[in-house]
Amino acid sequence: MNRAVPAARGRSARKPAAARAQAPGPRTPASAPGSPEPATPRAPGARAPRTDGGIGAWAELLRLPALFTVPGDALAGAAAAGARPGPRTLLAIGSSLCLYEAGMALNDWADREEDAVERPHRPLPSGRVRPAAALTAAGALTGAGLALAAGAGRPALAVAAPLAATVWAYDLALKHTPAGPAAMAAARGLDLLLGAAAAGGGTRAALPSAALLGSHTLAVTAVSRRETTGGSALAPLAALATTGALAGLAARRRNRLPAGRRAAAAPGLSGSTPAPGVTDALGAGLSAVYAATAARPYFHAALNPSPPLTQRAVGGGIRATIPLQAALAARSGAGATSLLIAALAPAGRWFARRTAMRKVSIT
């Protein structure tokens, strides 16, 4: 899904998500010092390179570090609907993760010919994962995501179905069109609404949070369209302005909290929600973290829109998804949920270091 979220979740038209492995740098000419030796022609009868789909190849294909940007969608959705996370929220998170990973596998399957030229190191063009296996995985993950959403109830399935359709439409038809970033933004927004629907609080109250998260995803996806070519300062500048506006909006408490949050925050009543003043401060702090995470790489990419700095800007936008989700939860009065979401950021960094996948792209 850049979904980046999850998502989604958390991809660009050029090779664009919340949500989803390593962003490649410029290709090194074959004659450059230190470049790998040219491939030796295979002798007649020799075996083709092994395509066993090892764990490392699949982890790269599915961009596992980006998964940490996905659970916050459902959690922020439940908070916006005024509901506490519960078993159905866990089902919604599972559905989001499956649909997000389906989008990642489908993304590389759809772009396998383009990757053979621009990103030959990736699992499909390098032969480490077969295209048929990637497509099969995308279908299986989509089915699993819809099944988990059905387990969370009919309202959740009613949101998950168009979310899955958006993921497939984006990867197969919309990515290389002007509608690509909007489709990616819609996927992230729907993922947040999935959490609201699963929690039983209804989706109407969660629409403002979905719109803010979708706007962030739209900005990141627009920047990611130039990941491999660079040369555009307009998209990073627009993303920088969007980040500032979203940070200001996310820091403001909603004028009218959902019914469940109003009751928990009422003076004299016990509840798990911190006092309004504490939650407001928490939301402001998380919004500042969001702005700091995204703004600096956007600014650098605007000054020098080279491929490496554009890729860093995309990575910064992906990482900023988590503090934005946390700020949205705090904005809805769910202080404990916002802290839970915020804890996903260091967990994601630790996982990326452990797996040597520090650069995550939604493309």
Side-chain angles (χ1 to χ4, degrees), residues 1-23 63 65-70 72-73 76 100 103-104 107 166-167 170-171 174-175 178-192 210-230 232-247 249-250 289-302 305 307-325 327-328 345 348 359-363:
M1 234 169 331
N2 208 173
R3 298 230 328 234
V5 329
R9 284 187 165 202
R11 295 179 295 261
S12 72
R14 178 70 186 152
K15 178 70 176 127
R20 78 229 245 173
Q22 294 185 345
R63 297 157 176 79
L67 282 180
F68 289 86
T69 70
V70 178
D73 289 348
Y100 185 91
M104 289 300 175
N107 175 79
T166 302
V167 169
Y170 173 82
D171 283 324
L174 301 178
K175 183 190 309 180
M184 192 72 129
R188 269 293 181 180
L190 285 169
D191 201 35
L192 187 145
L212 294 179
L213 184 61
S215 298
H216 166 71
T217 305
L218 179 68
V220 178
T221 307
V223 175
S224 71
R225 293 166 80 95
R226 293 296 188 96
E227 271 191 315
T228 58
T229 61
S232 173
L234 181 60
L237 282 174
L240 184 61
T242 300
T243 298
L246 292 177
L249 291 172
V289 173
Y290 160 68
T293 304
R296 184 176 181 180
Y298 284 155
F299 180 70
H300 288 167
L309 291 183
T310 301
Q311 292 156 17
R312 290 182 186 178
V314 174
I318 295 172
R319 291 189 297 272
T321 302
I322 294 177
L324 176 59
Q325 294 163 336
L328 293 175
K359 293 182 179 181
V360 180
S361 172
I362 55 176
T363 66

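This chain uses plain numbering: 1 for the first residue, then up along the sequence. For clarity, every value in this text was computed on a predicted model and none was experimentally measured. For the numbers below, each heavy atom of this structure counts, side chains included, while hydrogens, waters and symmetry mates do not.
Looking at Leu246 and Ser215, their side chains come closer than 4.5 Å, going by heavy atoms from C-beta outward. Within the 4.5 Å cutoff, the side chain of Leu218 has heavy atoms near those of the Pro181 side chain. A heavy-atom distance below 4.5 Å is found between the side chains of Leu213 and Thr321.
Here the closest non-hydrogen pair linking Arg319 and Arg312 is NH2-O, 4.4 Å. Nearest heavy atom pair, residue Asp171 against residue Gly103, reads OD2-O, 3.0 Å. Contact record, Ala183 with Leu174: CB-CD1, 3.8 Å, taken as the closest heavy-atom pair. Taking all atoms of both residues into account, the shortest heavy-atom contact from Ser224 to Val314 is CA-CG2, 3.5 Å. Contact between Ala76 and Leu192 at its shortest, heavy atoms only, is CB-CD1, 4.0 Å. Closest heavy-atom contact between Arg225 and Lys175: NH1-O, 3.7 Å.
For the pair Glu227 (side chain) and Gln311 (backbone), a donor-acceptor distance under 3.5 Å is absent.
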Side-chain donor-acceptor pairs under 3.5 Å in residues 291-301, sequence neighbours left out?
unit_1, atom_1, unit_2, atom_2, d
Thr293, OG1, Val289, O, 2.7

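If you take CZ on Arg63 and OG1 on Thr69, they are separated by 12.0 Å, rounding to the nearest 0.5 Å. Note that OG of Ser232 is 8.5 Å distant from CG of Leu237, once rounded to the nearest 0.5 Å. Between the CG atom in Leu328 and the OH atom in Tyr290 there is a gap of 9.0 Å [rounded to 0.5 Å]. With rounding to the nearest 0.5 Å, the separation of OG1 in Thr217 from CG in Leu324 is 8.0 Å. Interatomic distance, His216 NE2 to Gln325 CD, rounded to the nearest 0.5 Å: 8.5 Å.
Applying the side chain to side chain contact (heavy atoms under 4.5 Å, CB included) criterion to Ala182, with sequence neighbours excluded, gives no partner residue.
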